[in-house]
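Keep in mind that what you see is a predicted model, and the values were worked out from it rather than measured. So that the names make sense, note that chain A is the first sequence line, chain B the second, and so on, each numbered from 1.
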Amino acid sequence: MALDEDIYEIRREKLKKIEALGHPAYPRKYNYSHTVPQILAEYSGQTAEELESARVTVRVAGRIMTIRLMGKAGFAHLQQDGQRLQIYVKKDAIGDAGYELWKLLDLGDHIGVRGYLFRTRTGELSIHAEELTFLAKDLLPLPEKFHGLTDVELRYRQRYLDLVMNAEVREVFLKRSKLVQSLRRYFDGQGFMEVETPMMHPIAGGAVARPFKTHHNTLDMDLFLRIAPELYLKRLTVGGFDRVYEINRNFRNEGLGWKWNPEFTMLEAYQAYTDYLGILDTTQSAIEQAVKNVTGGTKTKWGEHEIDWSHANWRRMTMREAILHFWPEKAGAKPERSDFAAHESVKALVGRVRGAGISLKYDAAEPVGKTIANIFEAVAEEHLMQPTIIYEFPTVISPLSKQKPDEPDWTERWEIFAGQMEIANGFSELNDPEDQRQRFEGQLKERERGDDEAHQMDENYINALSYGMPPAGGVGVGVDRLAMLFTDSHTIRDVILFPLLRPEKTSPAEAEEEK
RNA sequence: GGGCGCGUAGCUCAAUUGGCAGAGCAACUGACUCUUAAUCAGUAGGUUGUAGGUUCGAUUCCUACCGCGCCCA
């Protein structure tokens, strides 16, 4: 039998034999002289003759990914930091005891190797092993060495195997890390202070979304996982931290999809004494810098497309302009700007969009501004491949934004789109406590109408504003989505190390119990 | 939540019209002191996602459920 558990038993026996040879089964450490990538970087240029005359001795640690045995010698590849280096193990060179250990090693084991660098007859840089050190055993078999691990479900459920087997997956997460690092350095460099605000909120505010609920036992109070840190960060601007940012998780109790995960990472930043255009400049620069730091250039591949992030390529249009610009031919003549002003004319636009075969949710009782935003999403969003700034959002869907002085139905708010995704959202922060109260009251009416995503009243926040919040621009940037765009990953799950999955029901009884 | 698709050995995949469930890698035994998807000889490994149904006979057809994916809401 060679079931999984039997391989486990066979390898446990091998581990006992390794111990019997005098090697600890789980040693504490190994002092390596080089990492595998360091050796490849430093010695790849050297010829066989150069290596022979220099006789470079190294100590390297890694996981065994291939083994080729030939009688009393053999080759293996060690993998470390996603790169591989070949070792040559010859009985003459490592001695009888060393060879006994060598024969007990399996694919996936961690070992240390001391030896000298040389080139094989085929020219591959390798270590001529003189001493093997056992470091850790792999008791379960790795996925197949040639095809690797491709099953999507297993890749997510056992991400560690995905990372061992698939170098490109490893690369995606390295890039994600560089992205976060770049954003952090950029905002630090601009004088922003990184802060941490609560993840558990008595009132889930700062965005329109359904929250997750939890409960604190000692205080016997319900709490909500935050849907946004916004209201706390703005309290800090009241407190005199003029430039603050936070990079952390938000939680929204909504569906899953290619660009939606219930927990996702957002950068939020607030900059006092500027408005939506000021924070837009900051955001755009941060993103342009991040593209360079992560990819080394200004262009990224996105499926069939190429996204050009260079400054001159960013487009800018108002939401209303975007609707006109991307108005579908099948929906007839482009709307007039005045069509956006009245309930009846907007309703007529809905009919024309639907007539063009585009699905669009519409409730005649909903405010005009909400309908216009829905029309924008229906007709324009799919066309926003290159970086595009859409600005001027309806007031009714922007309860935390300052209104335009000349058009109170519209706010000083923008969103950045790229790759058909919203990736950032910024505005002139509403700091008038009385206006804020009215906006919340308006939201409560929406809630009564049946919109359970509408914002709740937050007296505590209004109280903070009443002490005087400086004028400020603020922004939220979707870090996962930027990571998707920078790595050509077309599902958010490919940029989240451990995405949410349903629990596996391993036995029928378990599934039955669930019912 | 709805529609469509997928689920076969540890991994990657086959299986003709409903007719003995197979291969490669991994594993085990043996040979081999420059291989690299090493090679050669041999061995073992399966409740075909789960539970039912139709049938002489089900991986294959039907129903329900579980999980995953895609599209829609």
Side-chain angles (χ1 to χ4, degrees), chain A residues 1-14 48 52 64-79 84-96 98-99 102-109 115 118-129 137-158 160-162 164-166 210 253-260 354 357-363 374 377-378 382 453 490-494 499-515:
Chain A
M1 294 213 296
L3 290 172
D4 228 15
E5 286 166 28
D6 301 300
I7 290 178
Y8 188 94
E9 284 308 318
I10 288 165
R11 293 195 176 186
R12 251 168 53 92
E13 286 305 314
K14 285 184 179 177
E52 199 177 338
I64 300 172
M65 297 304 290
T66 63
I67 298 181
R68 293 172 294 282
L69 288 173
M70 293 158 303
K72 296 179 178 60
F75 290 89
H77 273 108
L78 289 193
Q79 178 170 291
R84 293 183 182 189
L85 176 64
Q86 183 170 257
I87 64 169
Y88 178 49
V89 179
K90 196 163 68 163
K91 193 174 184 182
D92 302 344
I94 58 166
D96 290 352
Y99 206 73
W102 167 245
K103 284 196 293 188
L104 292 167
L105 296 176
D106 289 297
L107 291 179
D109 288 358
F118 77 114
R119 284 194 184 276
T120 62
R121 277 178 203 160
T122 56
E124 181 168 345
L125 180 66
S126 308
I127 299 177
H128 202 292
K137 193 119 197 96
D138 175 9
L139 296 169
L140 291 170
L142 290 176
E144 202 230 2
K145 64 185 175 188
F146 189 60
H147 297 94
L149 185 67
T150 60
D151 183 86
V152 175
E153 186 177 353
L154 284 181
R155 284 187 43 231
Y156 295 151
R157 287 197 195 279
Q158 294 183 275
Y160 44 92
L161 291 181
D162 192 23
V164 169
M165 301 308 296
N166 298 319
R210 270 183 289 270
N253 206 340
E254 292 163 353
L256 292 78
W258 69 277
K259 51 183 169 180
W260 308 98
R354 284 181 168 172
I358 297 168
S359 85
L360 172 61
K361 57 192 167 192
Y362 177 66
D363 174 356
N374 286 340
E377 278 184 35
E382 63 177 309
E453 292 187 346
H490 293 253
T491 167
I492 196 168
R493 290 180 154 188
D494 283 341
L500 184 68
L501 296 177
R502 282 193 175 82
E504 260 179 316
K505 304 273 192 319
T506 47
S507 70
E510 231 177 302
E512 197 61 34
E513 218 171 284
E514 195 70 18
K515 282 194 270 175

Inset, instruction - Would you mind reading off the distance between A:Leu78 atom CG and B:rU35 atom C1', rounded to a whole angstrom? - result: 15 Å
Side-chain donor/acceptor pairs under 3.5 Å, residues 85-94 of chain A, sequence neighbours excluded:
from    : atom 1 : to       : atom 2 : distance (Å)
A:Gln86 : OE1    : A:Arg68  : NH2    : 2.8
A:Gln86 : NE2    : A:Ser126 : OG     : 3.0

Inset, instruction - Taking A:Arg354 for its side chain and A:Leu360 for its backbone only, find out whether a donor-acceptor pair lies under 3.5 Å. - result: yes
Inset, instruction - Could you work out the separation of B:rU16 and B:rG30 based on their P atoms and round it to a whole Å? - result: 39 Å
Legend entry - Proximal nucleotide (of B:rU12, B:rA26, B:rU35) relative to the A:Glu144 side chain: B:rU12
Legend entry - Spacing of A:Leu69 atom CG relative to B:rC25 atom P, expressed in whole Å: 15 Å
Legend entry - Minimum-distance nucleotide (side-chain atoms of A:Phe75 versus B:rU35, B:rU33, B:rC68): B:rU35
Legend entry - A:Asp106, nearest nucleotide to its side chain (from B:rA27, B:rC25, B:rU33): B:rA27
Inset, instruction - Measure the CG-CD1 distance between A:Leu139 and A:Ile7 for me, rounded to the nearest 0.5 Å. - result: 11.0 Å
Inset, instruction - Please measure how far the P atom in B:rU60 lies from the corresponding atom in B:rU50, and state the result in whole Å. - result: 11 Å
Inset, instruction - Please tell me which of the listed nucleotides, B:rC11, B:rU33, B:rA27, lies nearest to the side chain of A:Pro143? - result: B:rC11
Legend entry - hbond_proxy A:Glu124 side chain to B:rU35 base (donor-acceptor, 3.5 Å cutoff): no
Inset, instruction - Among the candidates B:rG69, B:rC11, B:rA27, find the nucleotide nearest to the side-chain atoms of A:Ile10. - result: B:rA27
Inset, instruction - Mind checking the CE-OG1 spacing from A:Met165 to A:Thr150? Nearest 0.5 Å is all I need. - result: 11.0 Å
Legend entry - Sequence-distant partners of A:Arg155, salt bridge (Lys or Arg N to Asp or Glu O under 4.0 Å), two or more places apart: A:Asp162, A:Asp494
Inset, instruction - Could you measure between the two P atoms, the one in B:rU47 and the one in B:rC66, and give it in whole Å? - result: 23 Å
Legend entry - Separation of B:rA27 P from A:Arg11 CZ (nearest whole Å): 6 Å
Legend entry - Whole-Å P distance, B:rU39 and B:rA64: 47 Å
Inset, instruction - To the nearest Å, give me how far apart OH (A:Tyr8) and P (B:rC28) are. - result: 16 Å
Inset, instruction - Using the C1' atoms only, state how far B:rC70 lies from B:rU29, rounded to an integer number of Å. - result: 47 Å
Inset, instruction - Please work out if A:Gly74 contacts a base, only the sugar-phosphate, or nothing of the nucleic acid, heavy-atom cut-off 4.0 Å. - result: nothing
Inset, instruction - Only counting residues at least two apart or in another chain, list the ones meeting side chain to side chain donor-acceptor pair (under 3.5 Å) with A:Glu144. - result: A:His147
Inset, instruction - Using a cut-off of strictly less than 4.0 Å, decide whether A:Arg68 has a side-chain nitrogen or oxygen near OP1 or OP2 of B:rA37. - result: no
Inset, instruction - Report yes or no: is there a donor-acceptor pair, N or O only, under 3.5 Å between the side chain of A:Thr150 and the base of B:rU12? - result: no
Legend entry - Whole-Å P distance, B:rC32 and B:rA51: 48 Å
Nucleotide N/O to protein N/O under 3.5 Å, stretch nucleotides 71-73 of chain B:
from   : atom 1 : to       : atom 2 : distance (Å)
B:rA73 : OP1    : A:Ser359 : OG     : 2.2

Legend entry - Runs of at least three Watson-Crick or G-U pairs with RNA chain B, cut-off 3.5 Å: B:1-7 with B:66-72, B:10-13 with B:22-25, B:27-31 with B:39-43, B:49-53 with B:61-65
Legend entry - ring pair (Phe, Tyr, Trp, His ring centres under 6.0 Å) partners for A:His77, two or more places apart: none
Inset, instruction - Check every strand shown and say whether A:Phe118 touches a base, only sugar-phosphate, or nothing at a heavy-atom separation below 4.0 Å. - result: base
Inset, instruction - Taking only the side-chain heavy atoms of A:Leu501 (C-beta and beyond), determine which of B:rC11, B:rU33, B:rG69 contains the nearest atom. - result: B:rG69
Inset, instruction - With the side chain of A:Pro141 defined as its heavy atoms from C-beta on, choose the nearest nucleotide among B:rA26, B:rG67, B:rG69. - result: B:rA26
Legend entry - Residue list, salt bridge (Lys or Arg N to Asp or Glu O under 4.0 Å) with A:Asp138, at least two apart or on another chain: A:Arg11
Legend entry - Most 5' of A:Leu107 and A:Gln86 on RNA chain B, judged by nearest nucleotide: A:Leu107
Legend entry - Neighbour count >12 (heavy atoms, 6.0 Å) for atom CD, A:Glu254: yes
Legend entry - Interatomic distance at C1', B:rG24 relative to B:rG18, whole Å: 28 Å
Legend entry - Integer-rounded Å distance: B:rU35 P and A:Arg119 CZ: 17 Å
Inset, instruction - Evaluate the side-chain proximity of A:Leu142 to A:Leu161: yes if any heavy-atom separation is below 4.5 Å, no if none is. - result: yes
Inset, instruction - Could you work out the separation of B:rC56 and B:rC11 based on their C1' atoms and round it to a whole Å? - result: 37 Å
Inset, instruction - Answer with base, sugar-phosphate or nothing: what part of the nucleic acid does A:Lys90 contact at a heavy-atom distance below 4.0 Å? - result: base
Inset, instruction - Please identify each residue that fulfils salt bridge (Lys or Arg N to Asp or Glu O under 4.0 Å) with A:Lys361, with sequence neighbours left out. - result: none
Inset, instruction - Would you indicate which nucleotide in B:rU35, B:rC70, B:rG69 comes nearest to any side-chain atom of A:Thr491? - result: B:rC70
Inset, instruction - Using a heavy-atom cut-off of under 4.0 Å over every strand shown, decide if A:Asp151 touches base, sugar-phosphate, or nothing. - result: sugar-phosphate
Inset, instruction - Give one of base, sugar-phosphate or nothing for A:Leu142, where a contact means two heavy atoms less than 4.0 Å apart. - result: nothing
Inset, instruction - Tell me, please, which residues at least two apart from A:Glu13 pass salt bridge (Lys or Arg N to Asp or Glu O under 4.0 Å). - result: A:Lys16
Inset, instruction - Please determine if a side-chain N or O atom of A:Lys14 lies less than 4.0 Å away from the OP1 or OP2 oxygen of B:rC28. - result: yes
Legend entry - Whole-Å gap separating P (B:rC34) and NZ (A:Lys72): 12 Å
Inset, instruction - Take the protein atom CZ of A:Arg121 and the nucleotide atom C1' of B:rC34, then report the distance between them rounded to whole Å. - result: 5 Å
Legend entry - d(CZ, A:Arg502; P, B:rG69) in whole Å: 9 Å
